[in-house]
Amino acid sequence: MLKKQNIDWDSLEFGVYPTRSMWKSTSNSSGDWDNGKLIPYGNIEISPASGVLNYGQGIFEGMKAHHSSKDRAVLFRPNMNAKRISRSCKRLCMPAIPEDYFMNAILEVARDNIDFIPPYNKGGLYIRPVVWGTAPTLGVAPASEYTFMIYTAPVGPYFKDGIKPLNLIASQSYHRVAPKGIGNAKAIGNYSSTLLPVKEAKAAGFDEVLYLRADNEELVEEVGSANIFMLKGDQLVTPRLTGSILDGVTRDSVLKLAKDRLGLEIKEHDLLLEDLFTADEVFCTGTAVVITPVGCITYDKKSYKINPNSELPLINIANILSLKDKNKLAIKYYEKAKRINPNNQHIDENIIVCNVRLKNFEWVEKKILNLQNEEKISHELILSYSYLLLNRKEFEKGFKYFDARLKSDEFFNVELTINESMERMLLPISVGRTILSLTTRAAPRPVPGPIIKAVSLNDSPGTI
Ligand code: COI
């Protein structure tokens, strides 16, 4: 069993939390990094004339360590961050960080703070590498020395209400970055420029800002703290990487998984704002936000609910859980939804989900079996799983039930189990505003040729 700090894991938010140690290394004027070492977590000294304080010469990364279902500590695709940090460094005129060097530093910090990794399913240990110009520079010029630090914090959900559909405003007053600027680098300045827009948006009752492209305001760019996706039918669309969009690790993972595992058609191209208004789903992806659905987008004083009809059968789920004849009620909602919107292809899926919520697993099993015979299984099955995962209590009961079935292998012919390193990955397979995502499960054995690599902290030599 992995040891744990005495922390109230259920109340974790996305915030700073002092841990045991942090990594520090410095580079000299030739751009060579010293050996670096762990130091106790705490404040540091910095010159008031440092490049970072005066000219914003700084970049950062964001990644997470998780406690896996197999009681292991794993990092999610750290190699992607290892590559991206050097791209960001180069754009900000700072010395690159060799990938091995980066990985070693990350592992040192993660191992030393392993007891701050929240228990399975309770969040993650956010790992924040930062690189900045340390040396004093009064004239506008690259600093002659740099610092590379990594600190960590156990975190819960990024948005204060957890994973609930976001209410976004598409900004007509601000752009996030300029074309040919530093939008595709994880530069600190890209985030300071969003502080005022987000503050104003929150004061007006929105959760976040959706930025439009500076060179064409009909197109969407990203959400500042996250990338944006749209699902319409079987097409999953996200803005192409124009140079002003951050190439998110979660963005990349969702694209790969949606194509390989869900069979969706993937499109990275220009995304019209107005297309979002009629989408089946819109959601944001990022290390911090994970995968968060978007429920409503306001633009030019008009609000557009995303796929509002899809939640019809689920409207009063919370109120009906205590009723006796649960299946009848689920059917009633199903029929009502069908009447109102006969062409809504998601209603079948919603009825499954409805029954999962009502813990009517036999019904779901039968339905899935029928669907399987009709060869339309995967979407529905995954949907029912996604619902199981939404509510921990239901999840535990439902998961045990389905898990036994999955293990027996005779019932489902759908490959849901994938490389263990992806076990914490959330998939976008929701419908509308209510259904969220799937946590993929661990494979019984590692699958060769994974698209996603994880590093097992406690399997490596020298771990606790
Ligand atoms: C992340 O998702 O890790 C980010 O870097 C976004 C951050 C601004 C919270």
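Each ligand, and each atom within it, is numbered from 1 in the order the structure gives. When a residue number appears, it is its place in the shown sequence, counting from 1. As the structure is a computational prediction, the values presented were derived from the model and not from experiment.
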Distance from atom 3 (O) of ligand 1 to nearest protein heavy atom, with residue and atom: Tyr126 OH, 2.4 Å
Nitrogen or oxygen of Ser225 less than 3.5 angstrom from that of ligand 1: no
Side chain, backbone, both or neither: the part of Glu61 lying under 4.0 Å from ligand 1 by heavy atom: neither
Aromatic plane relationship, Phe14 with Tyr158 - under 30° parallel, 30 to 60° tilted, over 60° perpendicular: perpendicular
For atom 5 (O) of ligand 1, the protein heavy atom that lies nearest, with its residue and separation: Lys186 NZ, 2.6 Å
Parallel, tilted or perpendicular: ring planes of Tyr41 versus Tyr151, cut at 30 and 60 degrees: perpendicular
Atoms of ligand 1, numbered as shown, that sit under 4.0 Å from any heavy atom of Tyr191: 8 (C)
Protein contact of atom 7 (C) of ligand 1 - nearest heavy atom, named by residue and atom, plus distance: Arg128 NH2, 3.9 Å
Flag for Ser303-Thr298: side-chain donor and acceptor within less than 3.5 Å: yes
Approximate separation, where rounding is to 0.5 Å, of Thr278 OG1 and Leu272 CG: 10.0 Å
Nearest-neighbour protein heavy atom for atom 2 (O) of ligand 1, which is reported as residue plus atom name and distance: Ala288 N, 2.8 Å
Interfacing atoms of ligand 1 (cut-off 4.0 Å, heavy-atom, Gly62): 3 (O)
Gap between atom CZ of Phe102 and atom CD1 of Ile150 - 0.5 Å precision: 6.0 Å
Glu61 bridged to Arg84 by N-O distance under 4.0 Å: yes
Side-chain ion pair, Glu268 and Arg251, N-O less than 4.0 Å: yes
Sub-3.5 Å N/O-N/O distance, Tyr158 and ligand 1: no
